[in-house]
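As structure tokens, the structure follows; a few thoughts come after it.
Residue numbers start from 1 in every chain, and the chains themselves are labelled A, B, ... in the order their sequence lines are given, proteins ahead of strands. All values reported here derive from a predicted model rather than from experimental measurement.
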2 protein chains.
Amino acid sequence: MSSARILVVDDDPQIRRVLRTTLIAQGYEVVDARNGEEALERMRGDRVDLLILDMNMPGMSGIETCRLIRSSSDVAIIMLTVRDTEADKVEALDAGADDYMTKPFGSPELLARIRAALRRLPQTTSGLQTVRVGDMEINFSTRRVIAGTRQVRLTPKEFDLLQYLVAHPNVPIPHTKLLQSVWGPDYGDEVEYLRVFINQLRKKLEKNPSDPKYLLTEPWVGYRFNLPQ
Amino acid sequence: MSSARILVVDDDPQIRRVLRTTLIAQGYEVVDARNGEEALERMRGDRVDLLILDMNMPGMSGIETCRLIRSSSDVAIIMLTVRDTEADKVEALDAGADDYMTKPFGSPELLARIRAALRRLPQTTSGLQTVRVGDMEINFSTRRVIAGTRQVRLTPKEFDLLQYLVAHPNVPIPHTKLLQSVWGPDYGDEVEYLRVFINQLRKKLEKNPSDPKYLLTEPWVGYRFNLPQ
DNA sequence: AGGAGTTGCTAAGAAGGCGTCAAGCTTGAA
DNA sequence: TTCAAGCTTGACGCCTTCTTAGCAACTCCT
């Protein structure tokens, strides 16, 4: 399960560096941009769950950037500024920002505001909920998978197994590891379970179950989820 | 579409009065409470879209109140305090508040933060008096439902359950979430309740209770309210 | 080539989720 | 105090899912 992606937008390289290390230490994925134009570009390319946006930047202002992004996205936005006037705050919030912080600020507060903002994200936009893999779309909240064009309903164990494999793509996972992760720490020898369930998953997910594209056998080791580049 | 309802919780009658007039002037509906206990009671009775919650109150603290309400509701919460320490802010935000303001504050900023918080609310809950779904008409203020041609009387729990499901249409709601939202934060394992009440709702609302159109089971997950189209 | 171990596949029995009903219990109004 | 409405609890049957067993196909080793 991947973590939230945060886009940091600030023209000051030192602030970008500090934020990056702070956020990565918390387990977030971090992308950054030096100005509004770069930010828009990043938004088009990558999935982004939250934006930390400096108000005062050369070129397109933070407010403009915010308004533009908000007009086409539900991403969470926290604005930063050195100025602490009420008019600024009102302007930022009305431009679509979810929150507003004045520099300097302590990282505990920033992190708390980030947690609060991410909590509010609609489930559909937050990248935590669905993952696209090849021609499959895996939805973690409904525990359903769209394989090719059709909806597939997986049983709890089937889904847990798939989820674990997808979380570690292109790496052979030993039988024991899979069993312990999906069935619990007391399991590890019951390789029969894996044979049955991998078989079911292939029948439900693979176009040609006898020549699997994703759920590959690693003989004498375990199974591997193949993520085509 | 009626306006948003805001619940103001503060022990200081003067602050309640000031907030009330400010908010009403903006076209919001205002309810108030003097302490955490009263707030919980109001939340049970009325629809509330946003909570303005003082941190420092006699009896149950603002933080406790916030945590309790958040555990069973998606309402927007803005916390107020006279203290401006970082620890306080972090505590408030992690207790489930969406935003935090230190007194004294100007009303433009408060209003901007209210607009920002309301913008984030799921559209369905904010302000709708009645919802028409297929051949059903659900009235949230009278707590009555018209299914087909006839008035249906729902019990309090039945209505609460329906209301929560309708407020999150087309999304599977886990058993635990439903139980905590309808029965309270101490519930979560009592899946039998759901079986019984969903069954009752289907008998009262669905044309063909054994082949439901609206109240669908999401096997191994929970239930989903199906809003056609 | 033959045996031992591994994997793919199928199907039957066991376990558990869900729908349904009805009887006890609680609570508040008369 | 009594009564009725509504909530809680238990029982039962149906159905899905998990576990288990069996066999064929295959690989590795001698």
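- Counting only residues at least two apart or on different chains, the salt bridge (Lys or Arg N to Asp or Glu O under 4.0 Å) pairs with a member in residues 58-73 of chain B are B/R70-B/D98.
- Across its full length, the helix from C/dA1-D/dT30 to C/dA30-D/dT1 shows an angle of 30° between the axes of its 5 terminal pairs at either end, rounded to 10 degrees.
- Ranking D/dC23, D/dT9, D/dT17 by closeness to the B/Y193 side chain, first place goes to D/dT9.
- Listed by chain and residue number, B/T176 satisfy the side-chain contact (heavy atoms from CB on, under 4.5 Å) test with B/Q180 (two or more places apart in sequence, or in another chain).
- Using a 4.0 Å heavy-atom criterion, one finds that B/F159 contacts no nucleic acid atom at all.
- One atom, CZ of A/R143, and another, P of D/dT17, lie 12 Å apart when rounded to the nearest Å.
- With a 6.0 Å radius and a threshold of 12 heavy atoms from other residues, nucleotides or ligands, B/Q151 has its CD atom above the threshold.
- For A/R202, there are no salt bridge (charged side-chain N to carboxylate O under 4.0 Å, His left out) partners two or more places apart in sequence or in a different chain.
- Taking a 4.0 Å limit (strictly below) on heavy-atom distances, residues 202-220 of chain A reaches DNA chain D at A/W220.
- Judged as a side-chain hydrogen bond (donor to acceptor under 3.5 Å, both in side chains), and not counting sequence neighbours, the contacts of B/Y214 are B/D135.
- Mapping A/E158 and B/E190 onto DNA chain D by nearest heavy atom places B/E190 closer to the 5' end of the strand.
- More than 12 heavy-atom neighbours from other residues, nucleotides or ligands sit within 6.0 angstrom of NZ on A/K204.
- Along DNA chain D, the nucleotide closest to B/L154 and the one closest to B/V196 are compared, and the more 5′ of them pairs with B/L154.
- Evaluation of the salt bridge (Lys or Arg N to Asp or Glu O under 4.0 Å) test over residues 11-23 of chain B, restricted to residues two or more places apart or in two chains, returns B/R16-B/D32, B/R20-B/D32.
- Taking the charged nitrogens against the carboxylate oxygens, B/R143 and B/D160 do have a contact shorter than 4.0 Å, which makes a salt bridge.
- In terms of the side-chain contact (heavy atoms from CB on, under 4.5 Å) criterion, residue partners of B/K213 (sequence neighbours excluded) are, by chain and number, B/E206.
- The ring-ring contact (aromatic ring centres under 6.0 Å, His included) check on A/Y164 picks up A/H168, with sequence neighbours excluded.
- Between B/N199 atom CG and D/dC12 atom C1' the separation is 14 Å, expressed in whole Å.
- Heavy-atom contacts of chain A under 4.0 Å fall on DNA chain C between two terminal nucleotides, which in 5' to 3' order are C/dT6 to C/dT10.
- Near DNA chain C, meaning a heavy atom under 4.0 Å away, there are no residues from residues 178-189 of chain B.
- Across A/G134 and A/L227, no two heavy atoms sit closer than the pair N-CD1, 4.5 Å.
- When each of A/I69, A/V75, A/I6 is tested with A/V48 by the rule side chain to side chain contact (heavy atoms under 4.5 Å, CB included), just one qualifies, namely A/V75.
- Under the rule for a side-chain hydrogen bond (donor to acceptor under 3.5 Å, both in side chains), the partners of B/E218 that lie at least two apart in sequence or sit in another chain are A/R144, B/R224.
- Projected onto DNA chain C by closest heavy-atom contact, A/R195 and B/Q200 fall at different nucleotides, the more 5' of which corresponds to A/R195.
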